[in-house]
Amino acid sequence: QVQLVESGGGLVQAGGSLRLSCAASGRTFSNYAMGWFRQAPGKEREFVAGISRSGANTYLTDSVKGRFTLSRDSAKNTVTLQMSSLKPEDTAVYYCTAGASYYVSTVYTKNNEYDYWGQGTQVTVSS
């Protein structure tokens with residue numbers, strides 16, 4: 001089992017920044033590709049960003065490219081989503097997720113590629 005605990009959500013004005021952190025425990029962190037999804041009210045959960053086991057590769061959905069960055073710290077077993085230039089449409093519950101991966105460079109983008117999920121953290125962007 002992998003336990004994932006998100007932190008850093010909150011209320012911010014449009015144009016502002018937030019940093020979401022995810023702390024992982026329970027299994028070898030470096031064996032897992034990591035990612036973030038989000039779910040807005042009345043909408044399906046959607047992929048936001050993913051990072052490979054090695055941390056060398058990342059992939060972000062088009063709507064956040066240029067505004068969000070994703071990184072991981074294997075020494076601290078954490079993954080961080082840095083969000084800037086936030087927009088009201090970024091409002092959602094953000095979920096950290098981990099997927100066991102054989103390949104160190106693979107980035108997962110699909111819901112069913114991930115095995116473990118955090119409880120989520122609310123991000124609200126006011127206009």
**Request:** Just grab all the salt bridge (charged side-chain N to carboxylate O under 4.0 Å, His left out) pairs involving residues 59-70, residues at least two apart or on different chains.
**Result:** D62-K65, R67-D90
**Message:** Is there a path of hydrophobic side-chain contacts, each under 4.5 Å between heavy atoms, that joins M34 and Y116?
**Reply:** yes
**Prompt:** Quick one: CE on M83 to OH on Y94, what's the gap to the nearest 0.5 Å?
**Reply:** 5.5 Å
**Asked** When hydrophobic residues are tied together by side-chain contacts of less than 4.5 Å, even through go-betweens, does Y95 share a cluster with Y108?
**Response** yes
Can I get a per-line list of side-chain donor-acceptor pairs under 3.5 Å for residues 120-127, giving both atom names and the distance, sequence neighbours left out?
| unit_1 | atom_1 | unit_2 | atom_2 | d |
| --- | --- | --- | --- | --- |
| T121 | OG1 | G9 | N | 3.3 |
| Q122 | NE2 | A92 | O | 3.4 |
| Q122 | NE2 | T124 | OG1 | 3.3 |

**Prompt:** If every non-hydrogen atom of D115 is compared with every non-hydrogen atom of A100, which pair is closest and at what distance?
**Reply:** OD2-N, 2.8 Å
**Asked** With no hydrogens and no angle check, is any side-chain donor or acceptor of R72 less than 3.5 Å from a backbone partner on A33?
**Response** no
**Message:** Quick test of your reading: applying salt bridge (charged side-chain N to carboxylate O under 4.0 Å, His left out), list the pairs with at least one residue in residues 75-87, sequence neighbours left out, ordered by first then second residue.
**Reply:** none
**Prompt:** Going hydrophobic residue to hydrophobic residue with side-chain gaps under 4.5 angstrom, can you get from V79 over to L60?
**Reply:** yes
**Request:** Only pairs at least two apart or in different chains count here, so list each salt bridge (charged side-chain N to carboxylate O under 4.0 Å, His left out) that has a residue in residues 42-56.
**Result:** R38-E46
**Request:** Starting at OH of Y59, measure out to OG1 of T106 and round the result to the nearest 0.5 Å.
**Result:** 14.5 Å
**Asked** Should V93 and V12 be regarded as members of a common hydrophobic cluster, given that ILVMFWY residues are connected when their side-chain heavy atoms come within less than 4.5 Å of each other, either directly or indirectly?
**Response** no
**Request:** Give a yes or no on whether the backbone of F29 and the side-chain of N77 come within a donor-acceptor separation of less than 3.5 Å.
**Result:** no
**Those residues that, when tested against F37, pass ring pair (Phe, Tyr, Trp, His ring centres under 6.0 Å) (two or more places apart)** = F47, Y114, W117
**Asked** If you take all heavy atoms of L81 and A49, which pair is closest and at what distance?
**Response** CD1-CB, 4.1 Å
**Prompt:** Any sub-3.5 Å donor-acceptor pair from S101's side-chain atoms to Y103's backbone N or O?
**Reply:** yes
**Prompt:** V64, W36: one ILVMFWY side-chain cluster at the under-4.5 Å cut-off?
**Reply:** yes
**Request:** Would you check if the side chain of Q119 reaches a backbone N or O of V5 as a donor-acceptor pair within less than 3.5 Å?
**Result:** no
**Asked** When rounded to the nearest 0.5 angstrom, what is the spacing between CD1 in I51 and CG in L70?
**Response** 4.5 Å
**Message:** Is there a side-chain hydrogen bond (donor to acceptor under 3.5 Å, both in side chains) between S52 and S54? Walk through the geometry before answering.
**Reply:** CA-CA 5 Å; S52 61; S54 66; 3.2 Å; yes
Return all side-chain donor-acceptor pairs below 3.5 angstrom for residues 14-25, not counting sequence neighbours, or 'none' if the list is empty.
none

